Protein chains: 2
Amino acid sequence: MKHKGKTNPPGRIKIMKAFSLLMAEKDFHSITTAEIARTAQVTEGLIYKYFKDKKDLLYQVLNDHFFEFQTHIENRIANEKTCVEKLKVIIFSSLESYAANRIFSKILLLEVRNSLDFFESGAYEMVREYARTILDIIEKGIETGELKPETDPHILRKVILGAIEHACLGEIIFGRPLDIDGVSTGIANIVFNGAKR
Amino acid sequence: MKHKGKTNPPGRIKIMKAFSLLMAEKDFHSITTAEIARTAQVTEGLIYKYFKDKKDLLYQVLNDHFFEFQTHIENRIANEKTCVEKLKVIIFSSLESYAANRIFSKILLLEVRNSLDFFESGAYEMVREYARTILDIIEKGIETGELKPETDPHILRKVILGAIEHACLGEIIFGRPLDIDGVSTGIANIVFNGAKR
DNA sequence: CGAATAAGGTAAGTAATACTTACTCACAAT
DNA sequence: ATTGTGAGTAAGTATTACTTACCTTATTCG
């Protein structure tokens, strides 16, 4: 090789930064390539040197954000011992991360899902890994008797993830504030103890 | 007025049908106006006689589907007496409707949310009404003592709606089959009785 | 009746958009 | 010296969503 292995040229970084910035204000489709280039102070053509297309740019930005999200959560989980505590941490930390990083949330919960090629991207691989972690925790919880034996692990995961995501939508879409503590303990209460008297 | 109040000309219907058909195969953004016109056998210009823009077409198609969805569910709820039974019917019927009507589901769960002007559309008004109905049921359930008094109605609603929506995503995105009975009783079990032993 | 008017529909535009192609320039390694 | 490559540019192009001006039919009312 000629050049050193150093990669991630300034142009690429500038483009991703500019795109993130624009995502904070508007939705994916109303961001134009011209706008990205102008904000990043590069030419439009350069975008296509580093990214296959506009969507690929979206996925790669998501990838970066998701990496932080995942490592943060995994560190926290490691500190907990019981299954229920681990799941509570997942609920709390997810809400916290979504609330703290609106661009990440917007991309993951609103923008990427409607296009099939996301599900072949690297970002989606991380989503699956994260989902797998949750499933493992649940299965272990059933084994150890912490959770009811008749619990369907996949469904419990659906309920937890669905509740988390749904809880964040208001904050993401309308910019409404989110009571992380209240909502996370509320979700945990219902999921673990049930709402019926 | 000169013409009678009769409205809904054949062109308009053909356009909506064609659009629905295309939505079954691909996502909103990869459907072009040229394609819609060709499939509907009308000229491109006619689309803009009946719809403000492409998004407006999306919202109006959603509106039609949502109307069916809502009346169907409301009829079913009326047959149930207890709060818990009503909520179970909501869970089951929602899953059933989503599974039976993929175009509706795709539009509502994946396509409209990322654009702010959806939330000013008539279709969104129906969503709010539906959400209000659920909240009313929950609040009544707490009053009558069917549900635990410490339950937060808004959070219980989030958990239920989130679980339903999350459960349908696989089916919608990947076309995976959905075990409506199993999933709906599974969700109800967790939400009402809790997963913890 | 007759003519004004509006509804249903068309044809031919237009500006803007995502993406391409062909080209510099700098510089590191042979 | 020269060769090859990474970083970046400038000037396209086809396609897209949306407009404008027009045509045709048919109803309604003076």
Side-chain angles (χ1 to χ4, degrees), chain A residues 1-23 25-62 107 111-112 114-118 121, chain B residues 1-23 25-62 107 111-112 114-118 121:
Chain A
M1 56 187 88
K2 306 280 170 157
H3 274 198
K4 278 257 206 78
K6 155 198 153 91
T7 294
N8 220 10
R12 203 187 109 101
I13 297 166
K14 283 200 283 180
I15 290 167
M16 290 181 81
K17 280 235 170 81
F19 179 76
S20 275
L21 206 82
L22 291 167
M23 275 298 291
E25 313 173 348
K26 40 171 79 172
D27 60 302
F28 175 67
H29 186 231
S30 40
I31 296 171
T32 69
T33 49
E35 210 172 2
I36 297 167
R38 190 173 355 104
T39 313
Q41 306 217 66
V42 297
T43 50
E44 239 178 294
L46 193 64
I47 297 172
Y48 295 91
K49 278 272 144 72
Y50 299 121
F51 307 97
K52 191 177 145 284
D53 50 25
K54 225 179 96 182
K55 268 184 199 161
D56 185 42
L57 170 56
L58 181 76
Y59 300 156
Q60 292 203 36
V61 168
L62 175 63
I107 298 178
E111 303 279 9
V112 297
N114 48 23
S115 182
L116 272 173
D117 42 349
F118 164 66
S121 76
Chain B
M1 55 189 89
K2 303 285 166 151
H3 273 198
K4 276 257 207 78
K6 156 195 154 95
T7 295
N8 221 8
R12 201 188 112 100
I13 296 167
K14 282 199 284 180
I15 290 166
M16 292 182 81
K17 280 235 168 83
F19 179 77
S20 276
L21 206 82
L22 291 167
M23 275 298 291
E25 314 174 348
K26 40 172 78 172
D27 60 302
F28 176 67
H29 186 232
S30 39
I31 297 171
T32 68
T33 49
E35 210 173 1
I36 297 168
R38 191 172 357 104
T39 313
Q41 307 216 66
V42 297
T43 50
E44 239 178 293
L46 193 63
I47 297 172
Y48 295 89
K49 277 273 144 72
Y50 300 120
F51 307 97
K52 193 177 143 283
D53 51 25
K54 227 180 96 183
K55 268 183 198 161
D56 185 42
L57 171 55
L58 181 75
Y59 300 156
Q60 292 203 36
V61 169
L62 175 63
I107 298 178
E111 302 280 9
V112 296
N114 47 24
S115 184
L116 272 173
D117 44 347
F118 164 65
S121 75

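The structure displayed is predicted, hence computed values, not measured ones. Just the heavy atoms: all of them, side chains too, but no hydrogens, waters or symmetry mates, feed the values below.
- Not counting sequence neighbours, B/K52 has no partner by the salt bridge (charged side-chain N to carboxylate O under 4.0 Å, His left out) test.
- Within the 4.0 angstrom heavy-atom criterion, no nucleotide atom of any strand lies near B/F51.
- The interatomic distance linking B/R38 (CZ) with C/dT10 (P) rounds to 15 Å, in whole Å.
- Just one of B/V42, B/V61, B/T39 meets the side-chain contact (heavy atoms from CB on, under 4.5 Å) condition when paired with B/I15; it is B/V42.
- Atom-to-atom, CD1 of A/I13 to C1' of D/dA7 comes out at 13 Å; the value is rounded to the nearest Å.
- In this structure, B/I47 atom CD1 and D/dC18 atom P are separated by 10 Å, rounded to whole Å.
- Partners of A/K49 according to the salt bridge (charged side-chain N to carboxylate O under 4.0 Å, His left out) rule, which considers only residues two or more places apart in sequence or in another chain, do not exist here.
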Discussion item. Treating primed atoms plus P, OP1 and OP2 as sugar-phosphate and everything else as base, which nucleotides of nucleotides 11-26 of chain C get B, S or - for protein heavy atoms under 4.0 Å?
Written reply: S-----SBBB-B----
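- Scored by the ring pair (Phe, Tyr, Trp, His ring centres under 6.0 Å) test, A/F19 finds no partners at all (sequence neighbours excluded).
- Between the CZ atom of B/R12 and the P atom of C/dG8 there is a distance of 10 Å, given to the nearest Å.
- Computed from coordinates, the B/Y50 OH to D/dC18 C1' distance equals 17 Å when rounded to whole Å.
- When rounded to the nearest whole Å, the span between CD1 of A/I36 and P of D/dT9 equals 15 Å.
- Applying the side-chain hydrogen bond (donor to acceptor under 3.5 Å, both in side chains) criterion to A/K17, with sequence neighbours excluded, gives no partner residue.
- Every residue was checked against the side-chain hydrogen bond (donor to acceptor under 3.5 Å, both in side chains) condition with A/T43, not counting sequence neighbours, and none meets it.
- When the P atom of C/dA7 is taken as reference, atom CG of B/N8 falls 15 Å away, rounded to whole Å.
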